[in-house]
Amino acid sequence: MRLVVGSKSLKTLLITSKDEPTIAKIHALMILTGIFGHGNSNAKLIQSYARLGHIESARQVFDKSPQCGVDAWNAMIIAYSRRGAMFEALSLYHRMASEGVRPDSSTYTVVLKACTRSLDLRSGEETWRQAVDQGYGDDVFVGAAVLNLYAKCGKMDEAMRVFDKMGRRDLVCWTTMITGLAQNGQAREAVDIYRQMHKKRVEGDGVVMLGLIQACTTLGHSKMGLSIHGYMIRKDIIMDVIVQTSLVDMYAKNGHLELASCVFRRMLYKNVISWSALISGFAQNGFAVFDQISFRDSISWNAIIASYGIHGSGEEALSLFLQMRETNVKPDHATFASLLSAFSHSGLVEKGRYWFSIMVNEYKIQPSEKHYACMVDLLSRAGRVEEAQELIESMITEPGIAIWVALLSGCLNHGKFLIGEMAAKKVLELNPDDPGIYSLVSNFFATARRWDEVAEVRKIMKKTGMKKVPGYSVMEVNGKLHAFLMEDKSHHQYEEIMQVLGKLDYEMKAMGYVPKTEFVLHNLEEEVKERMLCNHSERLAIAFGLLNTGPGTRLLITKNLRVCGDCHEATKFISKIVNREIVVRDVKRFHHFKDGVCSCGDYW
DNA sequence: GTAGGGTTAG
């Protein structure tokens with residue numbers, strides 16, 4: 001029997017083959033028929049093996065090929081890069097030059113991507129220079145890859161420099177910039193870039209919207225969030241699981257828990273991998289993809305559980321968790337992190353302990369640093385710092401800074417100075433790079449009236465050049481954001497705001513409010529301390545909100561730090577005096593003040 | 001026909 005087989009038919013077979021034995025047979029056929037080694041047949045083989053994760057077989061093909069074209073090199077580099085084997089990927093790239101193979105646009109793109117994954121800025125920049133030398137400086141793929149390299153390494157200035165000089169930009173380039181800015185704390189700039197993109201009539205898709213949604217989430221700009229959602233519906237932009245999850249997150253963090261829940265309930269595939277993954281899965285594997293998607297993704301559930309958690313609804317979070325189990329979605333480590341933190345924000349200590357043990361014993365999930373931090377937070381927030389300390393001692397791994405910080409803040413709130421001092425020392429030993437943490441340590445020592453230590457902490461901060469992050473609050477009125485700094489006199493309504501605050505202060509004191517001045521610098525006059533507290537940014541924002549919204553309107557304030565103990569107390573009084581619901585989103589959670597009480601039940 | 005942009009928790 002004569003075997004008639006062409007290289008084209010074999011390659012087609014390769015693309016559709018779904019298992020290793022089939023590929024191996026085609027591989028053998030290629031050798032027998034002499035096709036192997038011609039054209040890019042070896043590249044196709046490498047891709048096929050790599051697609052199924054048989055990277056060693058792929059490498060064998062690569063090594064045994066008489067000669068490799070640039071496609072084969074690229075395929076091999078991609079294979080390593082996807083596997084996370086950055087060293088191999090890079091060393092292959094370096095070998096290309098010595099073997100006389102000229103990298104093409106895909107090579108640079110892929111190598112840049114590998115550098116991005118390993119956050120290897122130096123190799124990335126070197127690769128970018130070489131790409132420019134070889135005339136690929138204007139290639140949009142290479143360009144997008146280098147933008148992302150800078151973005152992921154937190155170098156948005158550099159990214160912007162490259163972006164500004166780009167001759168041609170496609171949607172991915174714009175998206176990379178927008179997402180990069182949004183994730184590097186430059187949400188306003190992200191929105192600006194999007195506006196430019198919109199002006200140039202570049203049509204957006206779900207991924208760019210996701211970046212924008214994240215920007216709205218950090219800005220606390222709920223009106224813009226709503227309009228983006230509306231825009232996506234009008235433009236019929238596909239909202240996959242990832243985008244919908246970010247909407248859930250955005251609505252919850254912008255104070256619209258009902259809308260978050262609404263988006264969540266309407267999600268078609270809460271528990272299925274994203275549409276794009278699904279579609280590319282179909283393209284590669286046909287219907288076999290259905291075997292792989294069986295209820296393995298839980299991000300949207302995690303997001304909604306976390307949403308109820310930050311709003312202090314621990315019971316609802318638990319009931320969602322139970323629904324999630326009924327739906328056969330497997331909870332993962334993030335699910336439990338959300339659940340435990342929900343318990344922590346609601347003061348549900350026993351439930352926290354119970355589900356922590358279920359997580360370990362039933363679900364066999366090794367508690368991570370984060371889980372321990374949640375538990376320590378839960379216990380010490382409730383004043384049970386001794387139990388928290390016991391839990392820390394039971395850890396196999398060395399407790400990290402988050403855990404000591406949680407313990408310390410519990411000690412601060414409950415006046416447990418002995419354990420607190422130990423925690424504070426541990427925190428300082430670990431050299432935190434977050435000025436907020438130094439403020440916490442300093443506050444702790446100030447409350448314990450240990451002024452020498454307070455001075456010591458200040459000295460460390462000064463030495464490391466760390467500055468206290470100034471607190472600010474943002475309030476949205478008529479779709480516009482208004483930001484207030486502490487003692488902010490720049491606002492055009494400053495005088496009126498101070499009048500409102502003065503009046504409130506008088507009424508509050510008549511109702512029994514006593515300012516908690518102990519956190520403020522100790523060497524100041526009592527009266528000065530009081531005034532400083534009264535000028536905290538959240539108070540200015542509240543007064544501004546009262547001045548500019550109709551009676552009974554809910555006020556929503558976003559703060560960049562934790563609410564201070566005194567403002568928390570004061571806001572309770574204010575909510576009663578003015579008969580308004582005041583919602584404060586701080587860096588960790590939400591506080592709903594109404595009728596003189598806070599939804600957090602003072603577990604904050 | 002190949003490469004570049006995305007996910008919740010803390």
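Each chain gets a letter, A, B and so on, in the order the sequences are listed, and its residues count up from 1.
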Residues 192-207 of chain A, side-chain donor-acceptor partners within the protein, below 3.5 Å, at least two apart:
| from | atom 1 | to | atom 2 | distance (Å) |
| --- | --- | --- | --- | --- |
| A:Asp205 | OD1 | A:Val207 | N | 3.2 |
| A:Asp205 | OD1 | A:Val208 | N | 3.2 |

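A donor and an acceptor atom sit less than 3.5 Å apart, one in the side chain of A:Asp240 and one in the base of B:dG6. Donor-acceptor pairing under 3.5 Å, judged by distance alone, is present between the side chain of A:Thr175 and the base of B:dG5. Residue A:Asp170 places a side-chain atom within donor-acceptor reach of the base of B:dG4, judged by atom type and a 3.5 Å distance cut-off alone.
Residues from residues 147-158 of chain A placing a heavy atom under 4.0 Å of any atom in DNA chain B, listed by number, are A:Asn148, A:Lys152. Across residues 121-141 of chain A, A:Val140, A:Phe141 each have a non-hydrogen atom less than 4.0 Å from an atom of DNA chain B (numbered order).
Atom CD1 of A:Ile299 and atom C1' of B:dT8 are 6 Å apart (whole Å). Rounded to whole Å, atom P of B:dT8 lies 12 Å from atom CG of A:Leu247. Rounded to whole Å, the distance from CG on A:Leu378 to P on B:dG10 is 13 Å. For the pair A:Leu112 CG and B:dG4 P, the interatomic distance rounds to 11 Å; values are reported in whole Å. In this structure, A:Met76 places its CE atom 16 Å from C1' of B:dT2, rounding to the nearest Å. Atom-to-atom, CH2 of A:Trp174 to P of B:dG4 comes out at 22 Å; the value is rounded to the nearest Å. Atoms NZ (A:Lys588) and P (B:dA9) sit 13 Å apart, rounded to a whole Å. One can place CG of A:Leu171 at 12 Å from C1' of B:dG6, the figure rounded to the nearest angstrom.
Across B:dA3, B:dT7, B:dG10, the shortest atom-to-atom separation from the side chain of A:Ile78 is found for B:dA3. Distances from the side chain of A:Ala145 to the nucleotides B:dG10, B:dG4, B:dG6 place B:dG4 closest. Nearest to the side chain of A:His333, among B:dA9, B:dG10, B:dG4, sits B:dA9. In this structure, of B:dT8, B:dT7, B:dA3, it is B:dA3 that holds the atom nearest to the side chain of A:Val110.
There is a side-chain donor-acceptor pair under 3.5 Å between A:Ser368 and A:His371. For the residue pair A:Asn148 and A:Thr176, no side-chain donor N or O sits within less than 3.5 Å of a side-chain acceptor on the partner. Judged purely by distance below 3.5 Å, without hydrogens or angles, the side chains of A:Tyr80 and A:Arg59 pair a donor atom with an acceptor atom. Remark: the A:Tyr150 side chain and the A:Glu125 side chain contain an N/O donor-acceptor pair separated by less than 3.5 Å. Side-chain atoms of A:Thr335 and A:Asp332 form a donor-acceptor pair, as typed in the model, at a separation below 3.5 Å.
The aromatic ring centres of A:Trp301 and A:Phe264 sit less than 6.0 Å apart. You'll find the ring centres of A:Phe356 and A:Phe336 outside the 6.0 Å limit. Ring pair A:Phe321/A:Trp355: centre-to-centre distance below 6.0 Å.
Distances shorter than 4.0 Å separate some side-chain N or O of A:Arg82 from OP1 or OP2 on B:dA3. Look at A:Ser341 and you'll find a side-chain N or O under 4.0 angstrom from OP1 or OP2 of B:dG10. In this model, the phosphate group of B:dG1 is not approached by any side-chain N or O of A:Gln47 to a distance below 4.0 Å at OP1 or OP2. Dashed line: the shortest gap from a side-chain N or O of A:Lys44 to OP1 or OP2 of B:dG1 is not under 4.0 Å. For B:dG5, the OP1/OP2 oxygens have no side-chain nitrogen or oxygen of A:Gln214 closer than 4.0 Å.
Using a 4.0 Å heavy-atom criterion, one finds that A:Asp205 contacts the bases of the nucleic acid, with or without backbone contacts as well. Using a 4.0 Å heavy-atom criterion, one finds that A:Ser105 contacts the bases of the nucleic acid, with or without backbone contacts as well. Within the 4.0 angstrom heavy-atom criterion, only backbone atoms of the sugar-phosphate kind lie near A:Lys113; the bases stay farther away. Counting non-hydrogen atoms under 4.0 angstrom, A:Ala373 reaches nothing in the nucleic acid. In this structure, A:Val243 reaches the bases: a heavy-atom distance under 4.0 Å links it to at least one base atom across the strands shown.
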- request: Kindly indicate, with the supporting measurements, whether the criterion salt bridge (charged side-chain N to carboxylate O under 4.0 Å, His left out) is fulfilled by A:Arg129 and A:Glu126.
  value: CA-CA 5 Å; A:Arg129 269 196 299 276; A:Glu126 199 187 309; 5.3 Å; no
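In summary, A:Asp249 and A:Lys253 engage in a salt bridge, as defined by a charged side-chain N under 4.0 Å from a carboxylate O.
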